[in-house]
Undergrad: 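This is the structure I want to talk about, given as structure tokens.
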Amino acid sequence: MGKYVVLQQPLLTHKLTIIRDKKTDNATFRRVVDEITELMVYEVTRDLPLEDVALETPIGKTVQPKLAGKEPVIVPVLRAGLGMLNGFLHMLPNAEVGYIGMSRNEETLEAHEYFVRVPQDIAERKCFIVDPMLATGGSIIDAIGALIKRGVPENAIRVASIVAAPDGVKAVQAKYPDVDLYVAVEDEKLMPNGYIYPGLGDAGDRLNGTVKSD
Ligand code: PRP
Ligand code: URA
């Protein structure tokens with residue numbers, strides 16, 4: 001069974017309040033999403049495996065741990081996931097990047113995949129799918145499905161979302177029980193129109209400065 005971690009930390013909570021506020025301007029919204037992401041990376045990478053390497057400090061020879069295996073792949077779900085990409089790359093600067101484009105139909109709330117471009121050897125790497133909003137869970141479920149179709153094992157996938165709805169979390173866990181899921185907060189509920197309450201509105205529009213987009 002994969003992990004489900006709701007990060008609880010006063011700085012995170014404070015920053016969430018800033019991005020929830022509809023009066024927060026685009027520049028501040030983008031900057032604070034980036035800051036929240038950096039705080040999340042600390043938790044999301046907490047148990048990554050290490051391997052010993054031999055090296056010499058200025059004082060003498062030693063064996064010390066470093067991250068094991070190939071560099072991971074950060075997979076932002078377009079568009080809003082792009083807002084979390086830099087936060088991950090600040091902490092994992094040599095990570096590879098793959099992209100999955102998903103758009104949610106505003107009436108049916110079903111996700112539609114419109115773009116996938118990921119490293120060829122992605123099946124051999126740990127993958128971090130990033131998307132600030134996990135509402136019905138449909139976009140994340142399809143993004144996980146796109147990686148599994150390309151050979152990535154379920155237990156090599158971690159999802160990082162800033163705000164999650166309880167129904168969406170349950171849907172992802174039911175479909176992919178071995179995927180690890182990290183969220184900054186689980187909000188009260190999903191509204192009938194598919195928005196998370198209290199949430200922060202449309203993350204893609206707020207990150208991109210668009211009012212409504214097709
Ligand atoms: C938003 C958000 C998630 C999705 C979450 O994307 O960024 O990807 O909705 O909803 P779900 O869990 O019900 O699938 P949207 O489709 O609005 O596209 P955008 O990021 O381009 O704005
Ligand atoms: N997508 C968003 O951007 N916000 C929501 O509240 C739900 C889905």
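The model shown is predicted, which means the values in this text are computed figures rather than measured ones. Numbers here are sequence positions counted from 1. Note that ligands are numbered from 1 as they come in the structure, with each ligand's atoms numbered from 1 the same way. For the numbers below, each heavy atom of this structure counts, side chains included, while hydrogens, waters and symmetry mates do not.
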Undergrad: Going by heavy-atom distance to atom 10 (O) of ligand 1, choose the closest among Met102, Met133, Glu106, Arg104.
TA: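 The option holding the nearest heavy atom is Arg104.
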
Undergrad: Go through the steps for Asn26 and Arg30 under the test side-chain contact (heavy atoms from CB on, under 4.5 Å), then give the verdict.
TA: CA-CA 6 Å; Asn26 295 342; Arg30 289 183 189 121; 4.1 Å; yes

Undergrad: What residues, two or more places apart in sequence or in another chain, satisfy side chain to side chain donor-acceptor pair (under 3.5 Å) together with Asp187?
TA: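 Only Arg20 meet the side chain to side chain donor-acceptor pair (under 3.5 Å) criterion with Asp187.
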
Undergrad: Using a 4.0 Å heavy-atom threshold (strictly under), name the region of Asp131 that reaches ligand 1: side chain, backbone, both or neither.
TA: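 For Asp131, the contact with ligand 1 is made by the side chain alone.
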
Undergrad: Against heavy atoms of Met133, which atoms of ligand 2 measure under 4.0 Å?
TA: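 Once the distances to Met133 are compared, the set is 1 (N), 2 (C), 3 (O), 4 (N), 5 (C), 6 (O).
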
Undergrad: So which atom in Leu11 and which in Gln9 form the shortest heavy-atom distance, rounded to 0.1 Å?
TA: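 Heavy-atom minimum between the residues: N-OE1, 2.8 Å.
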
Undergrad: Mark the output for Arg206 as yes if a heavy-atom distance to ligand 2 is under 4.0 Å, and as no if none is.
TA: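 Outside the 4.0 Å threshold, so no.
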
Undergrad: Could you report the tightest heavy-atom contact between Cys127 and Leu147, atom names first, then the distance?
TA: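 Scanning both residues, the minimum pair turns out to be CB-CD1, 3.8 Å.
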
Undergrad: Do ligand 2 and Gly194 have nitrogen or oxygen atoms that lie under 3.5 Å from each other?
TA: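 Not met; the criterion fails.
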
Undergrad: Suppose I only count heavy atoms of Arg104 and a 4.0 Å limit; which atoms of ligand 2 are within that range?
TA: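 So the atoms of ligand 2 that pass are 7 (C), 8 (C).
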
Undergrad: Should you measure from each heavy atom of Arg79, which atoms of ligand 1 turn up under 4.0 Å away?
TA: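 What qualifies from ligand 1 is 19 (P), 20 (O), 21 (O), 22 (O).
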
Undergrad: Answer yes or no for Gly137: is there a heavy-atom contact with ligand 1 below 4.0 Å?
TA: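 Yes; Gly137 lies near enough to ligand 1 that a heavy-atom distance drops under 4.0 Å.
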
Undergrad: For Val163 and Val183, what are the C-alpha separation, side-chain angles and deciding distance, and is it a side-chain contact (heavy atoms from CB on, under 4.5 Å)?
TA: CA-CA 6 Å; Val163 184; Val183 306; over 6 Å; no

Undergrad: With side-chain contact (heavy atoms from CB on, under 4.5 Å) as the test, would you mind laying out the steps for Val116 and Val118 before giving the verdict?
TA: CA-CA 6 Å; Val116 179; Val118 296; 4.2 Å; yes

Undergrad: For Ser139, which part has a heavy atom under 4.0 Å from ligand 1: side chain, backbone, both, or neither?
TA: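 Within the 4.0 Å criterion, Ser139 contacts ligand 1 through backbone and side-chain atoms alike.
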
Undergrad: Is Ala80 close enough to touch ligand 2? Criterion: a residue heavy atom under 4.0 Å from a ligand atom.
TA: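 No heavy atom of Ala80 comes that close to ligand 2.
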
Undergrad: Measure across Ala143 and Ile100 and return the closest heavy-atom pair with its distance rounded to 0.1 Å.
TA: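 Heavy atoms only, the tightest pair is O-CD1, 3.6 Å.
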
Undergrad: Below 4.0 Å from any atom of ligand 2, is there a heavy atom belonging to Gly201?
TA: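 Per 4.0 Å heavy-atom rule, Gly201 contacts ligand 2.
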
Undergrad: Which ligand 2 atoms, with their elements, are less than 4.0 angstrom from a heavy-atom of Ala203?
TA: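 Those atoms are 2 (C), 3 (O).
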
Undergrad: For ligand 2, which atoms have a heavy atom of Ala135 less than 4.0 angstrom away?
TA: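 Counting atoms of ligand 2 from 1, those under 4.0 Å from Ala135 are 7 (C), 8 (C).
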
Undergrad: Within the structure, is a non-hydrogen atom of Ser103 found at a distance of less than 4.0 Å from ligand 1?
TA: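 Yes, Ser103 has heavy atoms under 4.0 Å from ligand 1.
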
Undergrad: I want to confirm something. Looking only at heavy atoms, which of Leu82, Asp167, Thr136 is nearest to atom 13 (O) of ligand 1?
TA: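 Considering heavy atoms of Leu82, Asp167, Thr136, the nearest to atom 13 (O) of ligand 1 sits in Thr136.
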
Undergrad: At less than 4.0 angstrom from any non-hydrogen atom of Ile196, what atoms of ligand 2 do you find?
TA: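 Answer, ordered by atom number: 5 (C), 6 (O).
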
Undergrad: Pick whichever of Ala80, Gly204, Gly194, Ala135 has a heavy atom sitting closest to atom 12 (O) of ligand 1.
TA: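 When every heavy atom of Ala80, Gly204, Gly194, Ala135 is considered, Ala135 comes closest to atom 12 (O) of ligand 1.
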
Undergrad: Will you find, in the side chains of Asp21 and Thr24, an N or O donor that is under 3.5 Å from an N or O acceptor?
TA: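 No donor-acceptor contact under 3.5 Å links the two side chains.
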
Undergrad: Does the pair Asp47/Arg158 count as a salt bridge with the N-to-O cut at 4.0 Å?
TA: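 Answer for the salt bridge query: yes.
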
Undergrad: Can we say Asp205 and Arg79 salt-bridge, meaning some charged N sits less than 4.0 Å from an Asp/Glu carboxylate O?
TA: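 Yes, charged N to carboxylate O under 4.0 Å.
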
Undergrad: What residues, two or more places apart in sequence or in another chain, satisfy salt bridge (charged side-chain N to carboxylate O under 4.0 Å, His left out) together with Arg206?
TA: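 Arg206 satisfies salt bridge (charged side-chain N to carboxylate O under 4.0 Å, His left out) with no other residue.
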
